[in-house]
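One structure is given below, encoded as structure tokens.
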Amino acid sequence: TSFPDATRKRPASCGKDVVYSLPDGDKYSNLYMPQATNRPLTSRLFMVAEEQMIHYSAFYSGYDAPNDINIKFEIRPELVAKYNEENGTDYKSMPAGSWHMESTSGFIPKGECTTELMDITINTFGYIEPFTEYMLPLVMTSDDIKINEDLATLYYVISAAYEPGNVPSVLV
């Protein structure tokens, strides 16, 4: 599923091909979520009735995907307790109904290196408490290619505040 010698020709200027070669390059070729490098990834939203979006995607590190890559995404609320224990934090899990995934699957076509940008819809008003930090763990899996396990789980930390001028009068 990886390039055996990690050698690929790429067009350069003047129509000439340039050959890139990285010894043992296939050991660096894997699937990952670039957003997972920020642990946790903080999303500050507003307490509004409208839906708000946070984004996710997957990338293939290497030249281009050697084959079609099918990817599954899943929200795993049970990981919040484990994260809190390992990191000395006290995040709450996002309440049921406060989020919805646009898609639980993604696809990287052969010759490409990324999925399309996908969305998770977040509902704040009526679901979460303002100024409280909630966690929403997103896990990526694939049977088609090796995954960078360090970047396979994206921990969103979501908090919401009132928009300026829209603070309820009981709080002022």
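Computation of the quantities below employed the complete heavy-atom set of this structure, encompassing side-chain atoms and omitting hydrogens, waters and symmetry-equivalent molecules.
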Of all heavy-atom pairs between [X] and [Y], which one has the smallest distance, and what is that distance?
X   : Y    : result
M33 : L138 : CE-O, 3.5 Å
S93 : Y134 : O-CD2, 3.5 Å
M47 : I128 : CE-O, 3.4 Å
W99 : I120 : CB-CG2, 4.1 Å
R44 : S159 : NH1-OG, 2.9 Å
A65 : I69  : CB-CD1, 3.7 Å

Rounded to the nearest 0.5 Å, how far does [atom2] of [Y] lie from [atom1] of [X]?
X    : Y    : atom1 : atom2 : value
E116 : S57  : CD    : OG    : 10.5 Å
D150 : I147 : CG    : CD1   : 12.0 Å
M53  : M118 : CE    : CE    : 14.0 Å
C113 : I108 : SG    : CD1   : 7.5 Å
K82  : E86  : NZ    : CD    : 5.0 Å
S43  : L136 : OG    : CG    : 9.5 Å

Kindly indicate whether the side chain of [X], heavy atoms from C-beta on, has any atom under 4.5 Å from the side chain of [Y].
X   : Y    : answer
E51 : I122 : no
P66 : K110 : no
Y32 : S61  : yes
L31 : K146 : no
Q52 : T124 : yes

Suppose we screen for side-chain contact (heavy atoms from CB on, under 4.5 Å). Which residues come up paired with H100, at least two apart in sequence or across chains?
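Partners of H100 under the side-chain contact (heavy atoms from CB on, under 4.5 Å) test: T121.
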When you group the ILVMFWY residues by side-chain heavy-atom contacts below 4.5 Å and let the links chain together, are [Y] and [X] in the same group?
X    : Y    : result
Y91  : M94  : no
F131 : Y127 : yes
F107 : F59  : no
L151 : I71  : no
V157 : L45  : no

Residue pair S98 / N123, side-chain donor-acceptor N/O under 3.5 Å:
no
State whether the number of non-hydrogen atoms from other residues, nucleotides or ligands found under 6.0 Å of [X] atom [atom1] is greater than 12.
X    : atom1 : value
E85  : CD    : no
F125 : CZ    : no
E102 : CD    : yes

The test is side-chain contact (heavy atoms from CB on, under 4.5 Å); show your working for R39 and T153 and say whether it passes.
CA-CA 9 Å; R39 274 198 149 147; T153 302; 4.2 Å; yes
Sort out for me which residue in D143, D144, T141 forms a side-chain hydrogen bond (donor to acceptor under 3.5 Å, both in side chains) with N70.
D144
The single option from L154, I75, L79 passing side-chain contact (heavy atoms from CB on, under 4.5 Å) against V139:
L79
Look at the aromatic rings of F73 and Y56 and report parallel, tilted or perpendicular, splitting at 30° and 60°.
perpendicular
Residue pair Y156, I54: steps toward the side-chain contact (heavy atoms from CB on, under 4.5 Å) verdict
CA-CA 9 Å; Y156 289 104; I54 55 177; 3.7 Å; yes
Tell me whether the centres of the aromatic rings in Y155 and Y83 are closer together than 6.0 Å.
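That pair passes the under 6.0 Å test.
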What's the verdict on side-chain contact (heavy atoms from CB on, under 4.5 Å) for M101 and D119, showing C-alpha distance, side-chain angles and the deciding distance?
CA-CA 6 Å; M101 291 181 70; D119 298 321; over 6 Å; no
